[in-house]
> 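Below: one structure in structure tokens.
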Protein chains: 2
Amino acid sequence: MSLRAAGSSDSPALTSPSNRLIIADSETNANLYFATGFLAPDPFIYLQSNNQSHLLMSDLELDRARSQSKVDQVHSYSDYQEKAKSAGIPRPGVADVVHRFILEQGFELDASAEWLVPNDFPLEYGDQLRECGHTLKTKAPPFFENRSLKTEEEVDAIRLAQQGVEATLDEVLDDLRQADIKDGFLYLDGKLLSSESIRRSLHIGMMEKGLLAQHTIVACGRDACDPHNEGSGPLRANEAIIFDIFPRSIESRYHSDMTRTVVKGRATDVLKRLYDTVLEGQMMGIAQVKHGADGQEIHKTITEHFEKQGYETGLRDGRMQGFFHGTGHGIGLDIHEPPRIGKIEQYLQAGEVVTVEPGLYYPEIGAVRIEDMVLVTEDGCRNLTSYPKELEL
Amino acid sequence: MSLRAAGSSDSPALTSPSNRLIIADSETNANLYFATGFLAPDPFIYLQSNNQSHLLMSDLELDRARSQSKVDQVHSYSDYQEKAKSAGIPRPGVADVVHRFILEQGFELDASAEWLVPNDFPLEYGDQLRECGHTLKTKAPPFFENRSLKTEEEVDAIRLAQQGVEATLDEVLDDLRQADIKDGFLYLDGKLLSSESIRRSLHIGMMEKGLLAQHTIVACGRDACDPHNEGSGPLRANEAIIFDIFPRSIESRYHSDMTRTVVKGRATDVLKRLYDTVLEGQMMGIAQVKHGADGQEIHKTITEHFEKQGYETGLRDGRMQGFFHGTGHGIGLDIHEPPRIGKIEQYLQAGEVVTVEPGLYYPEIGAVRIEDMVLVTEDGCRNLTSYPKELEL
């Protein structure tokens with residue numbers, strides 16, 4: 001959501017000041033995992049100063065952090081807790097320990113020294129560290145500029161995850177192809193197919209391929225008209241079913257993200273036209289992706305295309321209809337990361353991996369969303385998604 | 001980690017002031033999920049004032065929040081964004097929108113009015129709201145006092161998850177029982193068994209039962225001596241293997257947590273003695289759990305038992321050995337929540353679900369950890385774990 005100018009990742013203006021501080025758990029905080037390569041379920045402390053990176057770890061995680069993390073120095077939290085006690089603090093908290101560590105390490109503490117923290121840095125520690133005299137400055141994502149620009153290795157990790165998704169969706173759509181239609185519902189080997197049963201098959205199939213998936217969307221008919229509805233109940237023939245699949249690789253921790261819309265049986269003509277319009281919009285969007293392109297312009301192109309085709313966006317009968325979400329988002333260690341392709345000016349950079357996922361949602365017709373992941377390059381983009389786009393199964 | 005006195009959840013002193021504010025995503029923020037019953041991957045805004053709860057939702061989530069959340073009122077974020085623009089802010093951010101909402105809703109804004117926020121409330125929004133004149137006060141967990149005290153329904157959800165874990169571990173230990181030992185390694189149907197292969201079987205087995213598991217520990221020999229090492233490589237006969245299994249129920253979102261230590265083959269006498277000592281310590285700990293008991297005392301009892309048996313704790317050859325983690329933690333929507341049973345004074349309350357999981361770790365002997373979940377009651381506790389504790393398979 002933040003405004004950001006395009007720029008090189010090693011611009012001195014962006015990387016200074018060099019003091020950075022994170023206090024979080026790396027299971028949920030991707031910045032911390034990115035900086036340390038170390039995964040832990042409970043909060044720990046990361047500091048970067050003068051191009052040296054430091055961790056303060058509990059006794060429980062100390063040895064593991066020393067062997068698994070990629071930071072320069074791993075220190076014992078309890079050592080600095082003891083030092084804080086010696087300095088007269090009877091029950092030192094996290095901020096007291098950080099303060100003591102900064103003093104002992106002799107990081108520059110002149111008036112101009114400031115610590116850059118993520119904008120979601122915990123307020124309590126922020127208050128306490130400021131009381132100790134430190135200057136904290138929040139930074140909107142990306143906290144590490146180079147997190148947005150993916151290395152070849154990172155792109156490979158995303159592609160590998162995506163390959164597992166495509167193989168799994170193949171298995172599941174084969175089931176749908178073989179399913180029988182009775183009274184408008186779908187049956188495989190006599191069993192009724194539902195959003196829940198298909199989601200379960202997808203999750204198990206992905207787990208077998210080393211992918212951890214949650215909240216996979218398998219939404220049929222009206223459910224699909226609410227873009228984040230996961231879908232529930234029996235699947236119906238001749239209605240649009242949206243599959244939105246965005247697992248994390250257990251090994252690499254990188255995500256992939258793909259959406260396809262299918263119909264088991266025959267799509268109505270109005271649904272076919274909706275599908276073609278979304279697909280055209282997506283193609284127009286992808287065609288515009290390149291280094292320096294403005295996400296706002298890409299989003300606008302798609303929006304105008306939809307309007308030209310007669311698909312209006314807005315409230316109707318108290319519900320949002322049309323195209324009422326962004327066109328895409330960056331992806332990596334987080335499923336949603338900068339940049340956004342949407343209503344706000346934001347310039348794409350070569351090396352970013354972004355989704356392009358327009359959709360149109362009308363309860364009386366159905367819903368269509370189609371999503372690929374592309375790698376932004378100097379003169380265009382490389383599509384990391386190779387799954388076919390076919391409406392009718 | 002916070003100091004907290006035991007007390008009733010409806011004590012007026014704890015529930016006042018009544019203004020509360022959370023800005024987070026409810027996928028990772030259990031307080032927000034607890035307050036709203038609404039799951040969303042991107043941040044949204046929750047306010048509680050005068051016993052009325054409010055959500056401010058993006059267009060994308062507005063309809064779903066209205067139908068799925070349990071708050072009193074769901075408002076459109078973009079409506080208040082427009083109002084902020086009308087009030088002269090050209091590009092209103094999240095804090096501007098919250099400020100506008102508070103003004104429009106006419107919440108009490110006298111000098112004494114303050115907003116209670118979780119201690120991990122985002123610093124950036126905290127700074128901005130204070131600049132707008134609001135008083136924010138951070139609160140250590142539990143942010144909602146009644147989150148610690150589980151209802152019957154919540155206890156059932158935890159038990160149901162635990163039943164799935166026990167059924168899955170049964171299947172996997174049956175495989176281990178049937179495995180052949182060759183050259184000290186384990187083979188099932190000719191295939192070498194490893195931490196990775198067993199973890200994968202556990203994860204798929206749990207997924208089939210509606211449980212989402214990550215980082216399940218299957219750690220053998222020296223790996224297990226590092227309590228948070230997930231384990232890797234081939235499993236070996238006649239060495240301790242620690243299974244620590246803590247999935248989340250996909251449907252209820254509650255966790256369960258259990259640890260067992262087993263040996264395929266024969267345990268050495270020193271390992272058997274280590275096992276018996278940990279089991280005795282765990283039984284002594286469980287026997288002390290009841291309403292009003294001090295976690296620090298429980299932890300001390302176990303620590304002293306271990307010392308009396310000659311098992312010392314501390315650094316040796318630069319590594320921590322002995323019993324160097326807490327005895328237990330609360331469990332619920334988060335895998336780790338208050339209270340802690342460890343080195344800090346903390347009084348247990350009837351209705352809390354806590355783990356009791358002492359362990360002893362010596363590279364030259366092996367590692368043993370045994371963990372049950374218990375529900376604290378007025379005069380003792382109810383063990384929610386019914387899985388056998390047998391060392392040798």
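Naming convention: chains lettered A, B, ... in sequence-line order (proteins, then strands); numbering from 1 in each chain.
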> Which answer fits B/H336, side chain, backbone, both or neither, if we ask what part of it has an atom under 4.5 Å from a heavy atom of chain A?
side chain
> Most heavy-atom pairs under 4.5 angstrom with chain B, which of A/Q68, A/H325, A/H203, A/R66?
A/H203
> Using a strict threshold of under 4.0 Å (side-chain N to carboxylate O), is an ion pair present between A/R253 and A/E27?
yes
> Need one label for A/P41: side chain, backbone, both or neither, based on atoms under 4.5 Å from any heavy atom in chain B.
side chain
> Is B/E61 close to chain A through its backbone or its side chain, or both, or neither, when contacts mean heavy atoms under 4.5 Å?
side chain
> Are there more than 12 heavy atoms of other residues, nucleotides or ligands under 6.0 Å from atom CD of B/Q73?
yes
> Below 4.5 Å, heavy-atom pairs only: which of A/N229, A/T28, A/L315, A/I204 has the largest tally toward chain B?
A/I204
> What do you reckon, is CZ of B/R130 surrounded by more than 12 foreign heavy atoms closer than 6.0 Å?
yes
> Using heavy-atom distances under 4.5 Å, tell me whether B/A213 contacts chain A through its side chain, its backbone, both, or neither.
backbone
> Contact part of B/R200 toward chain A, heavy-atom cut-off under 4.5 Å: side chain, backbone, both or neither?
side chain
> Give, as side chain, backbone, both or neither, the part of B/L39 having an atom under 4.5 angstrom from any heavy atom of chain A.
side chain
> Against chain B, label A/R199 side chain, backbone, both or neither, depending on which of its atoms sit under 4.5 Å from a heavy atom there.
neither
> Let me know if A/L136 has heavy atoms under 4.5 Å from chain B in its side chain, its backbone, both or neither.
side chain
> Where on A/D226 is there a heavy atom nearer than 4.5 Å to chain B: the side chain, the backbone, both, or neither?
side chain
> Which of parallel (below 30°), tilted (30 to 60°) and perpendicular (above 60°) describes B/F44 and B/F38?
perpendicular
> Tell me, side chain or backbone of A/L212 under 4.5 Å from chain B's heavy atoms, or both, or neither?
side chain
> Specify which of B/H228, B/H215, B/R319 makes the most heavy-atom pairs with chain A at under 4.5 Å.
B/H228
> For atom CD of A/E312, is the number of surrounding heavy atoms from other residues, nucleotides or ligands below 6.0 Å larger than 12?
no
> Using non-hydrogen atoms only, which part of A/V94 is less than 4.5 Å away from chain B: side chain, backbone, both, or neither?
neither
